[in-house]
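Structure record follows, encoded as structure tokens.
Positions are given from 1, in the same order as the sequence printed here.
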Amino acid sequence: QVQLVESGGGLVQAGGSLRLSCTASGRTFSSYTMAWFRQAPGKEREFVAADSWSTSATYYADSVKGRFTISRDGAKNTVYLQMESLKPEDTAVYYCAGGAYITTRPDTFAYWGQGTQVTVSS
């Protein structure tokens, strides 16, 4: 059974940094697109960043471009989201996702983690 497990969330002050990790088990994700999404209370789940194995490219939402960096370690079957210059509006539950296609639509991703809370205080 495929499992994605996120870690690294927490409480941080505005301007601070956090690094989220997502480790996959059950199969290797080296050939998948790995992505991060987030969902704030009362809002829809939104795309944050993606790393495409097939194109070796990374993609970011405009709201995080220049502040967040997605990367992966194939040997550890882990994808990371380095978050810098955090803002209160970044507060959300962050989810790791794995899928076959490079898209920003959450319904196209087959595998999901349980989520990790990120809270940015002003």
Side-chain angles (χ1 to χ4, degrees):
Q1 188 171 352
V2 174
Q3 277 195 316
L4 299 179
V5 179
E6 301 102 333
S7 61
L11 173 64
V12 64
Q13 288 189 330
S17 303
L18 281 175
R19 188 177 80 157
L20 306 183
S21 300
C22 171
T23 299
S25 61
R27 69 184 301 165
T28 179
F29 276 81
S30 61
S31 61
Y32 278 73
T33 291
M34 298 300 295
W36 289 94
F37 288 79
R38 66 186 182 187
Q39 189 165 19
K43 295 187 176 181
E44 293 186 350
R45 192 166 297 190
E46 65 173 0
F47 170 79
V48 174
D51 175 71
S52 170
W53 171 84
S54 61
T55 66
S56 300
T58 55
Y59 303 86
Y60 297 93
D62 288 343
S63 58
V64 307
K65 202 171 292 184
R67 300 187 298 121
F68 291 10
T69 303
I70 188 171
S71 62
R72 72 167 81 189
D73 184 332
K76 296 182 178 180
N77 228 18
T78 298
V79 62
Y80 303 98
L81 185 68
Q82 180 68 42
M83 305 185 293
E84 307 282 350
S85 302
L86 282 161
K87 305 174 182 180
E89 50 264 43
D90 294 318
T91 295
V93 177
Y94 283 70
Y95 296 91
C96 172
Y101 307 103
I102 183 69
T103 82
T104 61
R105 290 173 46 193
D107 62 343
T108 62
F109 286 82
Y111 304 105
W112 289 88
Q114 82 289 351
T116 185
Q117 176 71 46
V118 171
T119 302
V120 184
S121 63
S122 56

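Residues L81 and A49 come closest through the heavy atom pair CD1-CB, 4.1 Å. Scanning both residues, Y60 and I70, for their nearest heavy atoms gives OH-N, 2.9 Å. Closest approach of Y111 to Y32, counting heavy atoms only: CE1-CE2, 3.8 Å. Nearest heavy-atom pair, A24 versus L4, reported as atom, atom and distance to 0.1 Å: CB-CD2, 3.5 Å. In this structure, C96 and M34 approach most closely via the heavy-atom pair SG-CE, 3.8 Å. Residue Y95 comes nearest to Q114 through the heavy atom pair CE2-O, 3.5 Å, listed as atom of the first residue, atom of the second, then distance.
No more than 12 heavy atoms of other residues, nucleotides or ligands sit less than 6.0 Å from atom CD of Q3.
Between F109 and F37, a ring centre-to-centre spacing shorter than 6.0 Å is recorded.
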As a quick check of understanding, evaluate side chain to side chain contact (heavy atoms under 4.5 Å, CB included) for E6 and L20, giving each step before the final call. CA-CA 7 Å; E6 301 102 333; L20 306 183; over 6 Å; no
Run W36 and V79 through side chain to side chain contact (heavy atoms under 4.5 Å, CB included) and show every step you take. CA-CA 9 Å; W36 289 94; V79 62; 4.0 Å; yes
Applying salt bridge (Lys or Arg N to Asp or Glu O under 4.0 Å), run through K65 and D62 and close with a yes or a no. CA-CA 5 Å; K65 202 171 292 184; D62 288 343; 3.1 Å; yes
Can M83 and V118 be said to form a side chain to side chain contact (heavy atoms under 4.5 Å, CB included), step by step? CA-CA 10 Å; M83 305 185 293; V118 171; 3.9 Å; yes
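At least one donor-acceptor pair closer than 3.5 Å links the side chain of T78 to the backbone N or O of K76.
Every residue two or more places apart in sequence or in another chain that forms a side-chain contact (heavy atoms from CB on, under 4.5 Å) with S85 is listed here: R67. Remark: A14 pairs with P88, V120 by the side-chain contact (heavy atoms from CB on, under 4.5 Å) rule, at least two apart or across chains. Residues that satisfy the salt bridge (charged side-chain N to carboxylate O under 4.0 Å, His left out) test with R72, not counting sequence neighbours, are D51. Under the side chain to side chain donor-acceptor pair (under 3.5 Å) criterion, T119 pairs with Q117, sequence neighbours left out. The salt bridge (charged side-chain N to carboxylate O under 4.0 Å, His left out) search around E84 returns none, not counting sequence neighbours. For the side chain to side chain donor-acceptor pair (under 3.5 Å) test, no residue two or more places apart in sequence or in another chain qualifies with S25.
For the atom pair K87 NZ and S122 OG, the distance stands at 14.0 Å (nearest 0.5 Å). Q39 contributes atom CD, which lies 8.5 Å from atom CD of E44 (distance to the nearest 0.5 angstrom). Expressed to the nearest 0.5 Å, how far CZ of R38 lies from CZ of F68 amounts to 5.5 Å.
Hydrophobic clustering places L86 together with V64 (ILVMFWY residues linked when any side-chain heavy atoms are closer than 4.5 Å, directly or through intermediates).
Counting heavy atoms from C-beta on, the side chains of W112 and R45 come closer than 4.5 Å.
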